[in-house]
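These numbers come from a predicted model, not from an experiment. Reminder, nothing fancy here: chain letters follow the sequence lines and each chain counts from 1.
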Amino acid sequence: DAGVIQSPRHEVTEMGQEVTLRCKPISGHDYLFWYRQTMMRGLELLIYFNNNVPIDDSGMPEDRFSAKMPNASFSTLKIQPSEPRDSAVYFCASSPDRVVIQPQHFGDGTRLSIL
Amino acid sequence: RKEVEQDPGPFNVPEGATVAFNCTYSNSASQSFFWYRQDCRKEPKLLMSVYSSGNEDGRFTAQLNRASQYISLLIRDSKLSDSATYLCVVNMWITGGGNKLTFGTGTQLKVEL
């Protein structure tokens, strides 16, 4: 079975450019999560969706960050304009159901470098 | 105070050693607990859930102490392949629906010959 699929795997761009990260969750999973990981702060939850609806975006750092989930099989995380401090690994994860605690399945991540 | 705290390590141990990691969490309303493993430049993967009664999976044993808000992971007979970063994860229901996973920054383990 296909796992969580993220693209691109690597992105290097200049400060001020728009960056769009993409995620396809595991089919049938109702929950989708976006995380950011840095050496200093570890893995931080940015936002998560349930049935395509954003539930908690309190982790989104600032207005430059936005996330959408137009359908059950696709989500984007956008940074505009990007800054060097946004450099990190961004993970997308999905899980099936909140009633019974299920593990989250992570994608391979997008390694983002802002120059 | 961080919501989930772990000793970052690294823990350098010889092959065959027993090693223990600890984790504390600040929110007493936390409801479920996990250990994830993350290899260098890879995604986190679930290692095991942590139950109040303690649970074991092969060489791995997880313990939870709700009174002390403390979680542990014990690895016996460590292997070279156990070298990774171990993330303590705490889950909590959120008022209004949904749940929230909070990850510790991880403890790095290096198993050496």
Side-chain angles (χ1 to χ4, degrees), chain A residues 3-7 9-10 21 23 25-26 29-60 69 88-113, chain B residues 1-10 21 23-25 27 29-52 55 57 60 62 64 71 84-108:
Chain A
V4 176
I5 300 173
Q6 289 187 246
S7 64
R9 292 291 304 274
H10 303 271
L21 311 181
C23 176
I26 294 172
H29 282 195
D30 294 333
Y31 286 83
L32 183 141
F33 307 81
W34 282 102
Y35 290 90
R36 177 172 68 176
Q37 188 173 37
T38 61
M39 289 291 291
M40 291 297 295
R41 300 173 67 90
L43 200 62
E44 301 174 282
L45 177 65
L46 300 177
I47 184 171
Y48 80 93
F49 296 83
N50 178 24
N51 291 321
N52 314 338
V53 176
I55 301 300
D56 181 1
D57 65 356
S58 59
M60 296 286 263
M69 191 165 186
V89 181
Y90 290 81
F91 287 104
C92 177
S94 69
S95 67
D97 193 333
R98 84 169 179 97
V99 176
V100 177
I101 300 300
Q102 295 284 345
Q104 293 187 6
H105 301 263
F106 283 76
D108 291 338
T110 295
R111 283 162 179 76
L112 177 64
S113 296
Chain B
R1 184 185 171 188
K2 290 183 182 178
E3 289 187 55
V4 179
E5 295 206 60
Q6 295 182 252
D7 181 343
F21 305 138
C23 169
T24 57
Y25 60 95
N27 193 324
S30 301
Q31 283 137 336
S32 54
F33 310 88
F34 308 90
W35 284 101
Y36 275 69
R37 169 191 170 133
Q38 187 172 24
D39 292 290
C40 185
R41 300 183 69 78
K42 297 284 190 180
E43 76 277 18
K45 292 184 180 179
L46 179 70
L47 178 66
M48 59 196 302
S49 301
V50 187
Y51 303 120
S52 297
N55 49 299
D57 182 1
F60 298 82
L64 166 64
I71 305 159
T85 296
Y86 291 83
L87 304 170
C88 173
V89 186
V90 172
N91 185 63
M92 194 168 52
W93 297 132
I94 300 172
T95 302
N99 57 12
K100 177 182 176 181
L101 284 186
T102 301
F103 284 76
T105 51
T107 298
Q108 188 178 12

**Student:** Quick one: CG on B:Asn91 to OG on A:Ser95, what's the gap to the nearest 0.5 Å?
**Tutor:**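 Here the interatomic distance stands at 9.0 Å.
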**Student:** Looking at OG1 of B:Thr105 and CE of A:Met39, how far apart are the two atoms once the value is rounded to the nearest 0.5 Å?
**Tutor:** 10.0 Å
**Student:** Do you know which of A:Gly109, A:Ala93, A:Gly107 has the most heavy-atom pairs with chain B at a distance under 4.5 angstrom?
**Tutor:** A:Gly107
**Student:** B:Gln108: what forms a side-chain hydrogen bond (donor to acceptor under 3.5 Å, both in side chains) with it, not counting sequence neighbours?
**Tutor:** none
**Student:** May I ask you to name which of B:Gln38, B:Lys42, B:Glu43 has the most heavy-atom pairs under 4.5 Å with chain A?
**Tutor:**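 Greatest number of close heavy-atom pairs with chain A: B:Glu43.
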**Student:** From A:Tyr35 OH over to B:Phe103 CZ, what is the distance, rounded to the nearest 0.5 angstrom?
**Tutor:**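 Rounded to the nearest 0.5 Å, the OH-CZ separation comes to 4.5 Å.
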**Student:** Could you list the residues that satisfy side-chain hydrogen bond (donor to acceptor under 3.5 Å, both in side chains) with B:Thr107, not counting sequence neighbours?
**Tutor:**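 With neighbours one apart ignored, the set is B:Gln6.
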**Student:** Shortest non-hydrogen contact from B:Pro44 to A:Phe106?
**Tutor:**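 Between these two residues, the closest heavy atoms are O-CD1, 3.5 Å.
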**Student:** Using a 4.5 angstrom heavy-atom cutoff, name the option from A:Glu44, A:Arg41, A:Met40, A:Gln37 with the most pairs to chain B.
**Tutor:**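 Most heavy-atom pairs under 4.5 Å with chain B: A:Gln37.
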